[in-house]
Amino acid sequence: MAERTGELPRVVRPDLGGPFPEHIAIIMDGNGRWAEERGLRRVFGHREGIDSVREVTTECARMGVKSLTLYAFSVENWKRPRAEVRYLMRLLRHFLVDERPTLMENAVTLRCIGRLDDLPEEVLRELRKSEALTSANRGMRLRLALSYGARSELADGLRALVLDVQRGALVAAEIDEETLRRYLYDPQTPDPDLLIRTAGELRLSNFLLWQASYSEIHVSEVCWPEFRKAALLAALRDYAGRVRKFGGLISDRATPVPPVRRAVT
Ligand code: FPP
């Protein structure tokens with residue numbers, strides 16, 4: 001039944017005394033450390049991390065977050081031992097199949113960004129099925145970044161842009177930031193307001209380098225398998241206390257920064 005409805009969940013937004021992010025992006029780090037600290041193989045951390053993905057996705061959907069982007073597999077992650085990569089791909093395929101009812105129950109739309117052609121065929125097939133199944137949902141957009149790298153995103157975009165210039169569809173002199181944005185993987189989704197990284201590392205790791213230019217960054221000491229509702233609320237509370245100026249002097253992004261005017265004498 002839930003699979004057919006995809007109705008919007010009742011949104012209960014916590015009052016944290018400040019602004020609430022529309023788009024949250026997360027670098028899910030520390031799965032390996034979490035497992036090793038418990039004397040387990042690294043892959044158990046990835047497996048446990050699935051429960052965090054489910055809880056964070058569901059909580060965000062119920063709190064009325066509009067987009068959630070999860071860094072699930074980077075272009076660099078292909079360099080990991082073959083067995084770990086194989087395990088992650090299997091986990092991803094199971095996730096795509098098993099989580100369909102939860103995505104539908106919470107009216108979540110699934111989208112993926114990255115060099116998706118690099119993925120094994122069976123993963124890509126399930127991914128396309130989940131995207132199609134959830135495409136009419138009207139709730140939160142969950143974006144999985146898979147075989148994703150911000151530098152490859154820029155390279156892929158630039159290649160397409162240059163081809164358009166060569167065939168006369170685009171005039172080089174008219175290229176501006178908005179033109180470039182149109183060539184990124186999912187230009188319709190607004191930039192992340194809040195970027196969370198778990199497990200205490202202070203790096204962007206080739207994630208959304210263009211889009212995160214003005215994201216507020218929250219680093220959690222908690223490893224991803226333990227990043228659940230309480231840690232999410234701590235990040236939201238941190239965000240609620242931030243003043244965003246986008247390089248100007250005013251905090252309301254909807255209000256354009258007035259140009260500097262010279263006094264007419
Ligand atoms: C980083 O931890 C995490 C990853 C490379 C993969 C993230 C994957 C998951 C959370 C599970 C699968 C997700 C989905 C959506 C199916 P790490 O291994 O680099 O940890 P470490 O830094 O402690 O070694």
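Atoms within a ligand are numbered from 1 in the order they appear, just like the ligands themselves.
- Contacts between Glu36 and ligand 1 below 4.0 angstrom, taking non-hydrogen atoms only, are absent altogether.
- Enclosure of atom CZ in Arg80 by more than 12 non-hydrogen atoms of other residues, nucleotides or ligands within 6.0 angstrom is indicated.
- The residues Arg33 and Glu36 are annotated as not salt-bridged, no charged nitrogen and carboxylate oxygen being separated by less than 4.0 angstrom.
- Atoms of ligand 1 found under 4.0 Å from any heavy atom of Leu92, numbered from 1 in the order shown, are 16 (C).
- Glu59 pairs with exactly one of Leu233, Val65, Leu232 by the side chain to side chain contact (heavy atoms under 4.5 Å, CB included) rule, that one being Leu232.
- At under 3.5 Å, a nitrogen or oxygen of Gly32, whether backbone or side chain, sits near a nitrogen or oxygen of ligand 1.
- Residue, atom and distance of the protein heavy atom nearest to atom 1 (C) of ligand 1 are Met28 O, 3.2 Å.
- For Gln188, the CD atom is densely surrounded, since the number of other residues' heavy atoms within 6.0 Å is greater than 12.
- In terms of the side chain to side chain contact (heavy atoms under 4.5 Å, CB included) criterion, residue partners of Arg182 (sequence neighbours excluded) are, by chain and number, Leu170, Thr179.
- Under a 4.0 angstrom heavy-atom cut-off, Ala199 registers as lying outside contact with ligand 1.
- When hydrogens are left out, the protein atom nearest atom 11 (C) of ligand 1 is His46 O, 3.6 Å; that is the closest non-hydrogen contact.
- Backbone and side-chain nitrogen or oxygen atoms of Asp29 are examined, and one is located within less than 3.5 angstrom of a nitrogen or oxygen of ligand 1.
- Listed by number with element, the atoms of ligand 1 under 4.0 Å from a non-hydrogen atom of Phe95 are 16 (C).
- Each of Leu208 and Leu194 belongs to its own hydrophobic cluster when Ile, Leu, Val, Met, Phe, Trp and Tyr are linked at side-chain heavy-atom distances under 4.5 angstrom.
- For ligand 1, one of its N or O atoms has an N or O atom of Asn31 under 3.5 Å away.
- Under a 4.0 angstrom heavy-atom cut-off, Arg80 registers as being in contact with ligand 1.
- A side chain to side chain contact (heavy atoms under 4.5 Å, CB included) with Tyr183 holds for exactly one of Asp156, Leu158, Asp164; it is Asp164.
- Protein heavy atom nearest atom 6 (C) of ligand 1, with residue, atom name and distance: Ala72 O, 3.4 Å.
- Shortest contact from atom 12 (C) of ligand 1 to any protein heavy atom: Ile50 CD1, 3.8 Å.
- Of all the heavy atoms of Phe73, none lies under 4.0 Å from any atom of ligand 1, so neither backbone nor side chain is involved.
- In this structure, Leu70 does not count as a contact residue of ligand 1, since none of its heavy atoms falls inside 4.0 Å of the ligand.
- Any N or O atom pair closer than 3.5 Å counts here, and Glu84 shares no such pair with ligand 1.
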Could you walk me through whether Cys112 and Arg143 pass the side-chain contact (heavy atoms from CB on, under 4.5 Å) test, one step at a time? CA-CA 5 Å; Cys112 295; Arg143 302 195 311 166; over 6 Å; no
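- At a threshold of 4.5 Å between side-chain heavy atoms, the hydrophobic network of Ile, Leu, Val, Met, Phe, Trp and Tyr places Tyr185 and Leu70 in two separate groups.
- When Arg33, Met89, Arg42, Arg54 are checked for heavy-atom proximity to atom 24 (O) of ligand 1, Arg42 turns out nearest.
- Atom 5 (C) of ligand 1 has as its closest protein heavy atom Asn77 OD1, 3.6 Å.
- Other residues, nucleotides and ligands contribute more than 12 heavy atoms inside 6.0 Å of the CZ atom of Arg38.
- For Trp224, no nitrogen or oxygen atom sits less than 3.5 Å from a nitrogen or oxygen atom of ligand 1, counting backbone and side chain alike.
- We find that Arg54 and Asp98 are not joined by a salt bridge, their nearest charged nitrogen and carboxylate oxygen being 4.0 Å or further apart.
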